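Everything numeric here is computed off the predicted structure, so don't read it as measured data.
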Amino acid sequence: MTASGLLGEIADVGTDGKRGGYSRHVFDAAERELRTWFVERAQRIGLDIETDSNGNIWAWWGTPGPDAVVTGSHLDSVPGGGAFDGPLGVASALTAVELLQDKGFRPAKPFAIVVFAEEEGGRFGVPCLGSRLVTGTIDVDKARALRDPGGVTFAEAAAKAGLDPERIGPDKESLGRIGRFVELHVEQGRGLIDLGSPVAVGSTVIAHGRWRFSFSGQGNHAGATLITDRHDPMIPAAETVVAARRLAKTLDDARATVGRLVPTPGGTNVIASTVDLWLDARVPGDTRTIKLVDELAEAARAAAESEGCRVEITRESYSDDVVFDQALRRDLGTWLGNPPELPTGAGHDAAILAGFVPSGMLYVRNPTGISHSPEEFAEADDVEQGARALAEVLEKMSA
Ligand code: HGY
Ligand code: MN
Ligand code: MN
């Protein structure tokens, strides 16, 4: 089946009537439905399914073993996300295997499609949680204790999904089997629009991280409290949001975003007692991301102090700059007739794996240049060219 056809099969799963787009978060009903869809589709083309101790699904074409060629992506979304971010890579992998089977190809190496859990961190707040757990790049106790907005821990959600929370953690066996990994992903910026190419090879992923700023003050009455008597955490929070943009503009190629800000208790006629906001900061160059955050932290503390409030700043996740494996990049380029190479500001499981195995990416053109939004898009023709390109490189990698 074409990758577009496969995406069509899940077009109604996890639609978000309030936000638009899709909200599919690890182990919730929508994501579990996508897992079932993937398993069923993979089994239909003769792949054997294993779910690892961290909730990642591995669909093996033939016997699992070392030096495996692995492709895949994720099925979870951001809140109100698009249809392609994640599922395009999974659907294209299924289509690529079918294209190879239809031409009578059989891999000479172990071969798997992997679906990583919680790539967006949309429920538990840490992006690429599944691949970080496999590679041991997140503290296991911290991971197990991560809480979703409803207070459910990752360990509890994993247990409910049939996993053993005690076995969550580094997975040397799964990681050790990967020989080379390639992830196909919808392009999430404007890179390919201007280059007139449907497909590109990934080159780098810029450093990025998430920090939680918790402002606390004095909850009070909106009408009975004079301005001079207030300690309103919303004020330093708002100043921090604006400061993030101001600082990002001082560093070239820097991005700083506050997309999530939660006042408590959140009443229209109530001065908040606390305000939590999350900063997503991304700057090429590890030290420059940290530099931006340090400067913002200083501004946040000064703003809090002048309002008689306090602020606590916690780093929730961080990934250094990643350069994908040069030899694999060269091979991907050669095999595909040297399409453009693209850097990206988006994080991916391929970038987490890049620290452990030769890892690479293919991007498919997104004519809107918009992602993490219902407007994210890829033309059916480009989608099929992407799936064929993936089949091409997987055949070469598995020969
Ligand atoms: O946030 C990101 O960069 C990715 O979409 N997880
Ligand atoms: Mn994403
Ligand atoms: Mn993604």
Side-chain angles (χ1 to χ4, degrees), residues 3 6 38-39 41-52 56-75 86 88-116 119 128 130-131 134-135 171-185 199-203 322 324-337 339 348-364 385-399:
L6 286 167
F38 171 72
V39 166
R41 274 288 169 201
Q43 287 173 332
R44 204 183 292 186
I45 56 174
L47 307 188
D48 298 317
I49 300 296
E50 278 179 11
T51 298
D52 69 20
N56 305 304
I57 308 173
W58 301 77
W60 287 94
W61 183 7
T63 313
D67 195 28
V69 171
V70 181
T71 184
S73 192
H74 60 95
L75 291 171
L88 180 65
V90 175
S92 303
L94 289 165
T95 298
V97 167
E98 220 175 338
L99 289 170
L100 294 176
Q101 289 176 343
D102 291 350
K103 61 186 282 190
F105 175 79
R106 289 292 173 272
K109 296 180 175 175
F111 183 111
I113 299 175
V114 62
V115 173
F116 283 110
E119 189 278 343
C128 298
S131 51
V134 169
T135 56
D171 182 345
K172 286 196 173 44
E173 190 194 0
S174 296
L175 183 61
R177 291 196 294 213
I178 305 174
R180 295 205 290 184
F181 177 76
V182 65
E183 176 172 3
L184 181 142
H185 204 283
V199 171
V201 173
S203 55
V322 162
F324 287 118
D325 182 79
Q326 301 284 1
L328 181 52
R329 273 167 62 182
R330 195 179 48 249
D331 286 348
L332 294 173
T334 307
W335 296 331
L336 296 175
H348 298 286
D349 293 306
I352 299 294
L353 292 180
F356 300 85
V357 296
S359 169
M361 291 196 74
L362 298 183
Y363 296 117
V364 172
Q385 290 201 60
R388 282 198 296 275
L390 184 61
E392 178 79 32
V393 302
L394 291 171
E395 181 176 2
K396 294 284 193 313
M397 291 164 74
S398 316

Handout entry: R44: side-chain hydrogen bond (donor to acceptor under 3.5 Å, both in side chains) partners, not counting sequence neighbours
Key = E40

Practice task
Mind checking side-chain hydrogen bond (donor to acceptor under 3.5 Å, both in side chains) for E50 and listing every partner two or more places apart, or none if nothing turns up?
Solution key: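 Here the qualifying residues are R177.
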
Determine the minimum heavy-atom distance between [X] and [Y], stating which atoms define it.
X: L94; Y: I45; value: O-CD1, 3.8 Å
X: F105; Y: A399; value: CZ-N, 4.4 Å
X: A68; Y: W60; value: CB-CZ3, 3.7 Å
X: G179; Y: V357; value: O-CB, 4.2 Å

Fill in the blank from the handout: Paired with D349, the side chain to side chain contact (heavy atoms under 4.5 Å, CB included) test is passed by just one of C128, S359, S73, namely C128

Problem - Residues forming a ring pair (Phe, Tyr, Trp, His ring centres under 6.0 Å) with F324, sequence neighbours excluded - result: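 Scan of F324 (ring pair (Phe, Tyr, Trp, His ring centres under 6.0 Å), adjacent residues dropped) gives none.
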
Exercise for the section: Describe, in one word, how the ring planes of F116 and F181 are oriented to each other, choosing from parallel (under 30°), tilted (30 to 60°) and perpendicular (over 60°). Expected result: perpendicular

Practice task
Could you tell me the separation between the NE2 atom of H74 and the CG atom of N56, rounded to the nearest 0.5 Å?
Solution key: 12.5 Å

Exercise for the section: For the pair D331 and R180, find out whether any cationic side-chain nitrogen is under 4.0 Å from an anionic carboxylate oxygen. Expected result: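 Yes, this pair counts.
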
Exercise for the section: Check whether any side-chain heavy atom of R106 sits under 4.5 Å from a side-chain heavy atom of W61, and report yes or no. Expected result: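 The answer is yes, as the side chains (C-beta and beyond) meet within the 4.5 Å cut-off.
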
